[in-house]
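Below is one structure, written out as structure tokens, with a few remarks after it.
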Amino acid sequence: MKNKNIAILGGGPSGLFMLKRLIEAEEADFTIDIFEKNTQLGAGMPYSTLGANSEHITNVSGNEIPEMVTSVAEWIGTLPPETLNRFRIDPQQYNDYKVMPRLLFGLYLQNQFELLLGIAKEKGIEVNVFLKTQVIDIIDNQELEKVSVKTNNNQIKPYDNLVICTGHTWPKKLEGKVSGYFDSPYPPSKLAFKANHPIAIKGSSLTAIDAIRTLARNNGDFSTDKNGKVSFKNYEDCPEFKMVMHSRNGMLPAVRFHLEDPHLLKDSLLSKAEVEANMQLNDGFLSLDYVFDQNFKQLFKEKEPEFYKKIKDLQLEEFVDMAMDLREKTNPFLLLRAEYVEAQKSIKRHESVYWKELLAVLSFAMNYPAKHFSAEDMLRLKRNLMPLISIVIAFVPQSSVEEMLALHEAGTLEIIAVDANSKEEPSKEGGVNYNYIDEQGTSKSIYYKTFVNCVGQPHLWYRDFPYQSLIEQKIVSAAKLKFRNEQEALTELNKDNEEVSQLNGDYYLSVPGLSINDNFQLLDGYGALNERIYIMAVPYIAGFNPDYSGLDFGEKASSIIIESLSKN
């Protein structure tokens, strides 16, 4: 990287990890420019006011985050009294096993960013930070072997390498056009209103819980008795306030428990040699069944041999059916209470709920080689395994569970199971008509004056990519996976799957986002890589990286990118 000029687009957590990797590199003979459209470094969307209020908390503790410059506990010990009082933190009681307010964690990440800038200065690395500066286009110059960024002030500057770390993106489609319609609950300040009527919440994920915590505080009060039991009561002028979650499976996410390995067995990732060897045995595709066996089943052999015997001969779909069976048969709030008790014991005894932890390991491990799956396996992953993973590894913090149970007991929160084709239809009067088929097979259409889409970060498509010049130059291409079996493709076509197409005699499945290689470099329509541009902006690579776990993803992706940069 000698004499290189490198740009990082985005100064959130991903940009933080990328800066850390660059500073830790052996060479220091390069310059770094960081472009951040907001005013705060490190926090990004989730840990700033763009994604959190004071009531929102992290679903990870200090010991679970990747290594920074200082630990969270060390940093807490340096905070002034006014900050500690603002977030109700007692430094004597705090430890790295506790979750914390998201806005406080954002301040921690900001501090770590500032410390890294200081280290860079000590090492003689020039780092320039451009706050309130949005990159509106990227232009690649193949002849000069440079890539340029164009900012909102119309400045254009060339670089040797560029890493896109722009983080979360929440496109607005109907918000602002249809009254009472919200495309997402972010920023949460927009949900700070009173509503004397039922509110429809689409989804039951952590995003939905964010909306629930904010709406509840603006329409009622929580209280805690001497035994620690949380209760909720509507404000007198909001007696009809209620929140109704609409979930495709009618299930709530699982509760945060003690992780035996807080960094999710990163050493268990398949090596490049293992991936290539399996691909040679499977017509050039990585087998999902192989990943499921190596990164899940085999990990039980020594730790829980009895459980291993129970699952060793199960196919992926059979295991999912087994794991989902109890959840489907049990009232979701009864199950939430039972899992809360289980999680409390897990935390108190420092004992993991092992199969759930290893499901998180599997999710982490399959993310990076997923681009080598066949189209068939990707469909299996999306339709079978991912619904289970999204529920089990959400790791809902205990305080969120206590509030949800209190809201349910007060008759202010319920969940409705809807079918896969359920749809919200904007109403001329504002709000939506929510159309769905219930569990009894009855068609329903219910009007809601207020609707909040809480399905989580949307996976954005090639057409949503904001840097138009890269599209026009054909530097980027839409992500596609080839079908291994033609008959499987024809079966999908018969189901009117619009993402299946034929090209040069082969069948392909279109998946969200851009096509990238194992080093997070952009690929064009012919599979040729661009050595100058890397992307770890998760919404735009979700097709080839179907699951990502925030900070863990940022740490891992940045390590792969820095290795590639060093080799180049």
* To do: Taking the side chain as every heavy atom from C-beta outward, state whether Val163 and Leu9 have any pair of such atoms under 4.5 Å apart.
  => no
* Structure fact -> Smallest heavy-atom separation, Ala208 atom then Gly203 atom, equals CB-O, 3.6 Å
* Ser204 (side chain) donor-acceptor with Met251 (main chain) under 3.5 angstrom -> yes
* Asked: Is the number of heavy atoms from other residues, nucleotides or ligands under 6.0 Å of Lys121 NZ greater than 12?
  -> no
* Asked: For the side chain of Ser566 and the backbone of Ala25, is there at least one donor-acceptor N/O pair under 3.5 Å apart?
  -> no
* Quick one: do the Asp289 and Ser287 side chains pair a donor with an acceptor below 3.5 Å? -> no
* Asked: Would you say Ser558's side chain and Met18's backbone share a donor-acceptor pair under 3.5 angstrom?
  -> no
* Asked: Going from CG on Leu270 to CE on Met366, what distance comes out if it is rounded to the nearest 0.5 angstrom?
  -> 12.0 Å
* Asked: Among side-chain atoms of Thr214 and His56, is any donor-acceptor pair under 3.5 angstrom?
  -> yes
* Distance-minimising heavy-atom pair for Tyr186 and Asp210 -> OH-OD2, 2.6 Å
* Asp160 bridged to Arg532 by N-O distance under 4.0 Å -> no
* Asked: Would one find more than 12 heavy atoms of other residues, nucleotides or ligands at under 6.0 Å from atom NZ of Lys150?
  -> no
* Do Tyr467 and Thr166 have side chains that get closer than 4.5 Å, going by heavy atoms? -> yes
* Asked: Is a side-chain N or O of Asn295 found less than 3.5 angstrom from the main chain of Ala365, in a donor-acceptor match?
  -> no
* **Heavy-atom side-chain proximity of Ile65 to Glu555 below 4.5 angstrom** => no
* **Test item: Ser422 side-chain N/O and Val418 main-chain N/O as donor-acceptor pair under 3.5 Å** => no
* Asked: Would a line drawn from the ring center of Phe296 to the ring center of Phe319 be shorter than 6.0 Å?
  -> yes
* Asked: With sequence neighbours left out, which residue pairs that include part of residues 103-114 fulfil the salt bridge (Lys or Arg N to Asp or Glu O under 4.0 Å) condition?
  -> none
* Under the side chain to side chain donor-acceptor pair (under 3.5 Å) rule, what do Ser184 and Asn453 come out as? Steps first, then yes or no, please. => CA-CA 5 Å; Ser184 80; Asn453 189 332; over 6 Å; no
* **Ala557 to Met536 - nearest heavy-atom pair and separation** => CB-CE, 4.0 Å
* Asked: If you measure only the distance, is there a donor-acceptor pair under 3.5 Å linking the side chains of Asn282 and Tyr290?
  -> no
* Parallel, tilted or perpendicular: which describes the rings of Phe364 and Tyr368, with under 30° parallel and over 60° perpendicular? -> perpendicular
* Side chains of Asp140 and Asn530, donor plus acceptor under 3.5 Å -> yes
* Establish, from distance only, whether the side-chain atoms of Asn38 and Glu36 form a donor-acceptor pair under 3.5 Å. => yes
* To do: Evaluate whether atom NZ of Lys423 has more than 12 neighbouring non-hydrogen atoms of other residues, nucleotides or ligands under 6.0 angstrom away.
  => no
* Any chance NZ of Lys190 has more than 12 other-residue heavy atoms, nucleotides or ligands included, within less than 6.0 Å? -> yes
* To do: Could you verify whether a donor N or O on one side chain and an acceptor N or O on the other, from Gln521 and Tyr534, lie under 3.5 Å apart?
  => yes
* Asked: In Å and rounded to the nearest 0.5 Å, what is the CD1 to CD1 distance from Ile125 to Ile6?
  -> 9.5 Å
* Asked: How are the rings of Trp170 and His168 set to each other: parallel, tilted or perpendicular (split at 30° and 60°)?
  -> parallel
* Side chains of Val129 and Leu117: does their closest heavy-atom pair fall under 4.5 Å? -> yes
* Looking just at side-chain N and O atoms, do Ser469 and Asp137 make a donor-acceptor pair shorter than 3.5 Å? -> yes
* To do: Report yes or no: do Arg102 and Thr58 form a side-chain donor-acceptor pair below 3.5 Å?
  => no
* To do: State whether a side-chain donor-acceptor pair under 3.5 Å links Lys4 with Asn161.
  => yes
* To the nearest 0.5 Å, what is the distance between CD (Gln110) and CG (Leu115)? -> 11.0 Å
* Report yes if the side chains of Phe520 and Ile541 come closer than 4.5 Å at any heavy-atom pair, otherwise no. => yes
* State, without any angle test, whether Asn128 and Asp33 hold a side-chain donor-acceptor pair at a distance under 3.5 Å. => yes
* Asked: Which pairs count as salt bridge (Lys or Arg N to Asp or Glu O under 4.0 Å) when at least one residue sits in residues 468-494, sequence neighbours excluded?
  -> Asp283-Arg484, Arg383-Glu492, Lys482-Asp506, Glu492-Lys495
* **Aromatic ring proximity, centroids under 6.0 angstrom, Tyr462 and Phe465** => no
* Going from CG on Leu470 to CD on Gln468, what distance comes out if it is rounded to the nearest 0.5 angstrom? -> 9.5 Å
* Asked: Looking at Pro512 and Ala479, what are the two nearest heavy atoms and their distance?
  -> O-CB, 3.9 Å
* Is there a donor-acceptor pair under 3.5 Å between the side chain of Gln502 and the backbone N or O of Tyr507? -> no
* Just by distance, with hydrogens left out, do Gln112 and Thr70 show a side-chain donor and acceptor under 3.5 Å apart? -> yes
* **Val452 vs Lys202 side-chain heavy atoms within contact, under 4.5 Å** => no
* To do: Say whether Asp518 and His372, considering side chains only, have a donor N or O and an acceptor N or O under 3.5 Å apart.
  => yes
* **Lys382, NZ: over 12 other non-hydrogen atoms inside 6.0 angstrom** => yes
* Structure fact -> What one should report as the nearest heavy-atom pair of Asn517 and Lys371 is O-CE, 3.5 Å
* Asked: Can you tell me how far the CD1 atom of Ile164 sits from the CG atom of Leu162, to the nearest 0.5 Å?
  -> 5.5 Å
* **Steps toward side-chain contact (heavy atoms from CB on, under 4.5 Å) verdict (Leu131, Leu41)** => CA-CA 8 Å; Leu131 294 176; Leu41 288 171; 3.9 Å; yes
* Asked: Run the side chain to side chain donor-acceptor pair (under 3.5 Å) check on Ser148 and Tyr159 step by step: do they pass?
  -> CA-CA 6 Å; Ser148 298; Tyr159 295 92; over 6 Å; no
* **salt bridge (Lys or Arg N to Asp or Glu O under 4.0 Å) between Arg380 and Glu317, intermediate numbers included** => CA-CA 8 Å; Arg380 292 174 63 208; Glu317 287 81 2; 2.7 Å; yes
* To do: Please name the pair of heavy atoms, one in Thr49 and one in Pro187, separated by the smallest distance, quoted to 0.1 Å.
  => O-CB, 3.6 Å
* So, do Phe182 and Leu174 sit near enough that their side-chain heavy atoms are less than 4.5 Å apart? -> no
* Passes salt bridge (Lys or Arg N to Asp or Glu O under 4.0 Å), Lys20 versus Glu67? Steps please. -> CA-CA 10 Å; Lys20 184 172 183 287; Glu67 183 180 346; 5.3 Å; no
* To do: Check whether more than 12 heavy atoms from other residues, nucleotides or ligands sit under 6.0 Å from atom CD of Gln298, and answer yes or no.
  => yes
* Asked: Ile139 versus Val149: any side-chain heavy-atom pair under 4.5 Å?
  -> no
* Point-to-point distance, once rounded to the nearest 0.5 Å, from CG of Leu22 to CG of Leu565 -> 6.5 Å
* Asked: Under the side chain to side chain donor-acceptor pair (under 3.5 Å) test, which residues partner Glu499, sequence neighbours left out?
  -> none
